[in-house]
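Numbers for residues simply follow the sequence, beginning at 1.
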Amino acid sequence: MDAGAPARPRKGVLGLGLYLALAVPLLAVQTLAPPAVQGVAFILIMALGLAALHVGPRRHLPPAERGPWRYLRTAAYLFVAATVVRVAVPSTDTSPPTKMMLIPDALVLPAYVCIGTSFALMLRRRRAADDDPAQVDALLVGLAGAFLTWTFVMAPAVAGSGMDLLRIVDACFPVIDVVLLVLIAQLMLAGGVRQPSLWLLVVSATAMFVGDLLYTLHNAQLIDVAEQTFDSMFALMLVTVPAAALHPSMRTLTEPQQIVVRDLSRRRLIVIGLVVAVPTAVTSMMPRSGFASDLVRATLSVLLILAVLARVVRSNNSRARAEQASRRRATHDALTDLPNRELLSETVSRWAEQADGLDISLLFIDLDRFKMVNDHWGHKVGDELLCAVADRLSAQVRAGDLVSRIGGDEFVIALASPSHSRLAESLADRLIEDFARPFPLSVGDVVISASIGVARSHGGAHALELIRDADTAMYKAKGSGRNAVALFDSSLRERVRERVHLEQALRGAAERGELAVHFQPIVDVATEELDGFEALMRWQSPQLGFVSPAEFIPVAEETGMIVEMGEWLLRESARQLVEWSAVRGPTARPLHMSVNVAVRQLRDGSLVRIVDEVLRDTGLPPSSLWLEITESGVMEDIEATLLTLNALHALGVTLCIDDFGTGYSSLSYLQRLPIGIVKIDRSFVSRIADGADEPIVRAVLAMTHAMGHRVVAEGVETPEQRDWLRNQACDLIQGWFYGKADRPENLTHWLTPKVSA
């Protein structure tokens, strides 16, 4: 075991038991035996205690935590040295004392300083908050002890023997003991569990105080007490301190304790009341005993009253700080320490009431593709990025503006400006430029863009409405391609209402039979035979009429309805292909069914299971099912998407990259994907005739064929486009040249084995 590592608690308890088995009998002998034997027992107690003070800290504490116990060990050596001096030079220990007493006292006083330093170090490490009321409570106990010590010990001793050096030094020991009691009282009151080691130190400090008190009164000839009595108190101290060092709980004396500040208990309130009332009553009832003595008592009484006042003030201040901290937690974001939505709303409402000729503007900032940062590097780096964004936003605004984080990766900047000012728009443009600079994070430089929506009030502002309008404008910015700024206008609000209406109408559309599947033929360009169909979802709403897929598909993706709708499309399409294949017969060319898979479906963990169930339920051969995915959908989370695509590929289905050329178009990523088909987007095919995109299409064909993939050209509408694609060895084509997407009952003519041009 490492020399600095604490031993097991059981071993420490056994060591303490052995020590007490030796020390307690010696203490009894020192107290009850004849004087000749007492001295031997006292020497053995000191020797045993020194050994324990060496063994205990070494056994239970790492080297860095042993500091307070080194001071206690030093104090013990000083006590031993003082005892040796008293034994070797009897004139140093006579009653009444002589000046020779100063020799051992010169060793004892530093020992007391070492004990006080040890207790102070323990207290500093043990307690938590500086405003812990235990400090004032311990001070109250100390002042009360000092008052009683002065009144009944020091003042009579000084009055009876004069103010010589010996009396002053002799009377200092109870005062020092009071200081030690204050420190040990703070250790007791500073929270945490009061372990045996702490109680042993309390006993030792109390024994020192009683012993010194009796010793001072004895030397002042105020009481007649045997020297054996106060010697026994010192022996008890020399036994309990080493015992505290040996007990395993001594570790808690140098560990921070959980402080729980509670309301004053009845017992604690009674103690504080007595601490104030008793000295006050004593001061009132005691006869005058000289100006100096009365002045000291009055001073201590005033200090007691001031300490109580300090406790009340500190308690009130602590409660006020707790309320402020609670308020800040309620109005500020825990991660970035920026104001949250609640404080933003309060601030905008307050500005609206005070605004005079000013407009209030909000910039709603949403980080683009922030999820990719979390997915790639983890949430710790994501939080790091959010804090860096918060700092950068705060650096761009004026002192009176408000930067807030209202959730996730969404920030809002609120500012007031003259109605004719373009301050908000100018700030938004600067932020877009500023986001182009990388954010230095622990994983390196990270670049992320932002979409910003700007909304301005006109003649007053309602906070929630203004936040909603800025949010709406932000979605407009995202819809225009991200990394952009959009200004709110009333038409956007109408679009939001329409979108909400559309969303509500779309819910349950499949169950109500409002959705339908239209199929567009896909033809082998070399033979002009039918190779398969692409399944396209259509929606005929009773309230809205025919709704374009360009309108309802994005809403379905954003709300998550696309997962359920996509499963319905997949089942209907597979069922229809099985039905058509039965009509064509087993000797006809096998057909495929191409079905689009949305990004939300790729991220859904049930996609692979659903595809497997559809294949099993319908009996469709896996190779006849093509699943189309977009480049952008794959690239948003390439690693997670790869897991899903590989699992789908393992089922035997064919994977297609849809709209190739409009997204990332990275060859390195294309090689990593388990795809078999590449579909060239219609935007390239439409410009073949004028020669504008011929090199692009030719390059895509050559590249994909070299990689072993087949190519489907979308959007073929003219014979010239078909012929050019045929000459370039394109595999498959689809478009209005052969037919639009239509209902199954309108496509029966395609089921014959041979297609006529």
Side-chain angles (χ1 to χ4, degrees), residues 1-30 39-84 107-108 110-126 180 183-184 187 192-208 232-255:
M1 185 177 67
D2 180 69
R8 291 178 298 177
R10 180 175 177 81
K11 185 177 180 181
V13 173
L14 292 175
L16 175 64
L18 178 61
Y19 169 78
L20 292 177
L22 296 173
V24 171
L26 288 173
L27 182 60
V29 170
Q30 195 278 332
V40 177
F42 197 84
I43 292 173
L44 292 176
I45 287 173
M46 289 190 295
L48 193 61
L50 286 174
L53 285 170
H54 278 279
V55 172
R58 186 182 299 274
R59 174 174 293 173
H60 299 304
L61 292 175
E65 299 294 327
R66 297 173 189 167
W69 296 95
R70 293 192 188 100
Y71 281 100
L72 284 178
R73 189 165 61 239
T74 302
Y77 276 110
L78 290 171
F79 281 132
V80 170
T83 302
V84 171
L107 298 171
V108 174
Y112 277 56
V113 173
C114 288
I115 295 174
T117 303
S118 173
F119 289 173
L121 289 175
M122 291 179 187
L123 179 62
R124 187 175 67 182
R125 299 184 185 189
R126 182 177 174 86
L180 296 180
L183 292 173
I184 204 69
L187 280 170
V193 179
R194 297 184 179 95
Q195 299 281 7
S197 286
L198 180 56
W199 284 112
L200 288 168
L201 290 183
V202 171
V203 171
S204 67
T206 304
M208 287 174 60
S232 297
M233 291 293 102
F234 296 133
L236 176 61
M237 180 268 293
L238 292 174
V239 169
T240 52
V241 171
L246 283 173
H247 196 278
S249 66
M250 57 92 73
R251 290 190 295 266
T252 64
L253 297 176
T254 54
E255 294 175 349

(message) On a heavy-atom basis, which atom in Ser118 and which in Leu72 lie closest, and how many Å separate them?
(response) OG-CG, 3.2 Å
(message) Please find the pair of heavy atoms, one from His60 and one from Leu246, that lie closest to each other, and give the distance.
(response) NE2-O, 2.7 Å
(message) Taking the side chain as everything from C-beta on, heavy atoms only, tell me whether Leu201 gets closer than 4.5 Å to Leu253.
(response) yes
(message) My understanding is that only residues two or more places apart in sequence, or in another chain, count here; which of them pass side-chain contact (heavy atoms from CB on, under 4.5 Å) with Leu200?
(response) Thr240, Ala243, Ala244
(request) Could you tell me the separation between the CG atom of Leu22 and the CG atom of Leu44, rounded to the nearest 0.5 Å? (result) 10.0 Å
Tabulate below the donor-acceptor pairs under 3.5 Å that side-chain atoms of residues 47-57 make, not counting sequence neighbours, or state none.
residue, atom, partner, partner atom, Å
His54, NE2, Tyr77, OH, 2.9

(message) Tell me the closest heavy-atom pair linking Met208 and Phe234, and the distance in Å.
(response) O-CE2, 4.3 Å
(message) Ignoring hydrogens, what is the shortest heavy-atom contact between Ala41 and Val29? Give both atom names and the distance.
(response) CB-CG1, 3.9 Å
(message) Is the shortest side-chain heavy-atom distance between Arg66 and Arg58 below 4.5 Å?
(response) yes
(message) Given 3.5 Å as the limit, does a donor-acceptor pair link the side chain of Tyr19 with the main chain of Val239, or not?
(response) yes
(request) Could you point out which residue of Val80, Leu26, Val84 forms a side chain to side chain contact (heavy atoms under 4.5 Å, CB included) with Met46? (result) Val80
(request) Of all the heavy-atom pairs spanning Ala75 and Ala111, show the shortest one and how long it is. (result) CB-O, 3.4 Å
(message) For Pro63 versus Arg70, what's the shortest heavy-atom pair and its separation?
(response) O-NH2, 3.2 Å
(message) With rounding to the nearest 0.5 angstrom, report the CG to CD distance, Leu238 to Gln30.
(response) 9.5 Å
(request) Please examine the side chains of Trp69 and Met122, heavy atoms only from C-beta on, and report whether any two atoms are closer than 4.5 Å. (result) yes
(request) Report yes if some heavy atom in the side chain of Thr252 is under 4.5 Å from a heavy atom in the side chain of Leu198; otherwise report no. (result) no
(message) As an exercise, state the distance from CH2 of Trp199 to OG of Ser249, rounded to the nearest 0.5 Å.
(response) 12.5 Å
(message) Between Thr117 and Val113 (side chain of the first, backbone of the second, donor and acceptor by atom type, cut-off under 3.5 Å), is there such a pair?
(response) yes
